[in-house]
2 protein chains.
Amino acid sequence: MDVAHRLRTEGYRMTPQRQLVWDALRRAERHLSAEEIHEQVVDIVPDFNLASVYRTLTLLGELGLANEVQVGDGRGYWEIAHDDDVVHLHCRVCRRVDHHQGELVAEIRNHLAGHHGFVSEDVDLVVHGVCAACDR
Amino acid sequence: MDVAHRLRTEGYRMTPQRQLVWDALRRAERHLSAEEIHEQVVDIVPDFNLASVYRTLTLLGELGLANEVQVGDGRGYWEIAHDDDVVHLHCRVCRRVDHHQGELVAEIRNHLAGHHGFVSEDVDLVVHGVCAACDR
DNA sequence: ATCGGTGCAAACAATTTGCATTAGA
DNA sequence: TCTAATGCAAATTGTTTGCACCGAT
């Protein structure tokens, strides 16, 4: 996915800072907080500012290129956008978040469809636990 | 459930403030923010302080008598504790949160049990959408 | 040359904490 | 009485905003 091009067609500009935030997300093996992204980028651009992380993440979110996930501590964690219907498996030890794709979320939608007259939009399924690597 | 007694056996004291916070949660038809609880109680105890709401909620949480749920805006919402395995149906219009009890969460646990070696602890399923009452 | 993006500092909002005072048991 | 709980104010933390300058197109 060419983010630079995508940004330009939407009337935004690609900047080194934005590129570096994007790179950090791509490279990440887990969801990153704004703070963590900032720490990575500031090594390369010393006066890089936290506010720019937030502005960039908000923008990427609006363009559907990145997502925020709440894992329960006040802060927000970010990841490259992916299909809506995934389960987040959140390891409380290493804090990594795995994605489990499958029919599960679709089943949840079906299951709820009949009842209550509740119109489901986003299904937000976060399972907290311990991942295989940390479980010993 | 006699909270006063429960508190005492754990070495805590029942105070008018704590009772009123508890009453607010019992009475509530939806999850309440700390601010909302404070607004209710301050009508009865004029100099009742927000910090006491937080301290009381934290305590009730530790005793397993109340739960916090994150619905996605930065703030925390509280409810009387209930069975773990419920789905939270969060209406984005009236902000009410319904509980849907059923085999759903158990199914999710089963579904995940085989895969990944991930050990599930809390299943946190929040479905965002529009409830029957608001859907028209 | 524009006008959008950045750094910086200040503003915010939700929650927490330190401390002197009050009040359950 | 004795120690936990409260009110109050100040401190923290995560995030947002205003503004003057900078730089991508």
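Here is how names work: the chains are called A, B, and so on, in the same order as the sequence lines, proteins then strands, and each is numbered from 1. Side chains included, hydrogens not; waters and symmetry mates left out as well; all remaining heavy atoms used. Just so it is clear, the structure is predicted and the values come from calculations on it, not from any experiment.
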Visitor: Taking OP1 and OP2 of dT15(D), is either one under 4.0 Å from a side-chain nitrogen or oxygen of Y54(A)?
Guide: yes
Visitor: Quick one: R8(A) CZ to dG23(D) P, roughly how many Å, whole number?
Guide: 19 Å
Visitor: Quick one: bend of the helix from dA1(C)-dT25(D) to dA14(C)-dT12(D) from 5 pairs per end, to 10°?
Guide: 20°
Visitor: Between T15(A) and dG23(D), is there a contact of a side-chain N or O with OP1 or OP2 at under 4.0 Å?
Guide: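 The answer is no; no side-chain N or O of T15(A) sits under 4.0 Å from OP1 or OP2.
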Visitor: For DNA chain C, whose closest nucleotide is more 5', that of W78(B) or that of P16(B)?
Guide: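 Closer to the 5' end of DNA chain C: W78(B).
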Visitor: Could you tell me the separation between the CG atom of L20(B) and the C1' atom of dT6(D), rounded to a whole number of Å?
Guide: 14 Å
Visitor: CG of N49(A) versus P of dG14(D): gap in Å, rounded?
Guide: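 Rounded to whole Å, this separation is 16 Å.
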Visitor: Calculate the interatomic distance between R13(A) atom CZ and dC22(D) atom C1'; express it in whole Å.
Guide: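 From R13(A) CZ to dC22(D) C1': 11 Å.
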Visitor: Taking L104(A)'s backbone N and O only, do any of them form a donor-acceptor pair with H111(B)'s side chain (distance below 3.5 Å, no angle check)?
Guide: no
Visitor: For chain A and DNA chain C, what are the first and last nucleotides along the strand, 5' to 3', with at least one atom under 4.0 angstrom from a heavy atom of the protein chain?
Guide: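 Going 5' to 3' along DNA chain C, contacts run dC3(C) to dC8(C).
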Visitor: Roughly how many Å is it from CG in L59(B) to P in dA5(D), rounded to a whole number?
Guide: 7 Å
Visitor: Rounded to whole Å, how long is the line connecting atom NE2 of H31(A) with atom C1' of dG14(D)?
Guide: 19 Å
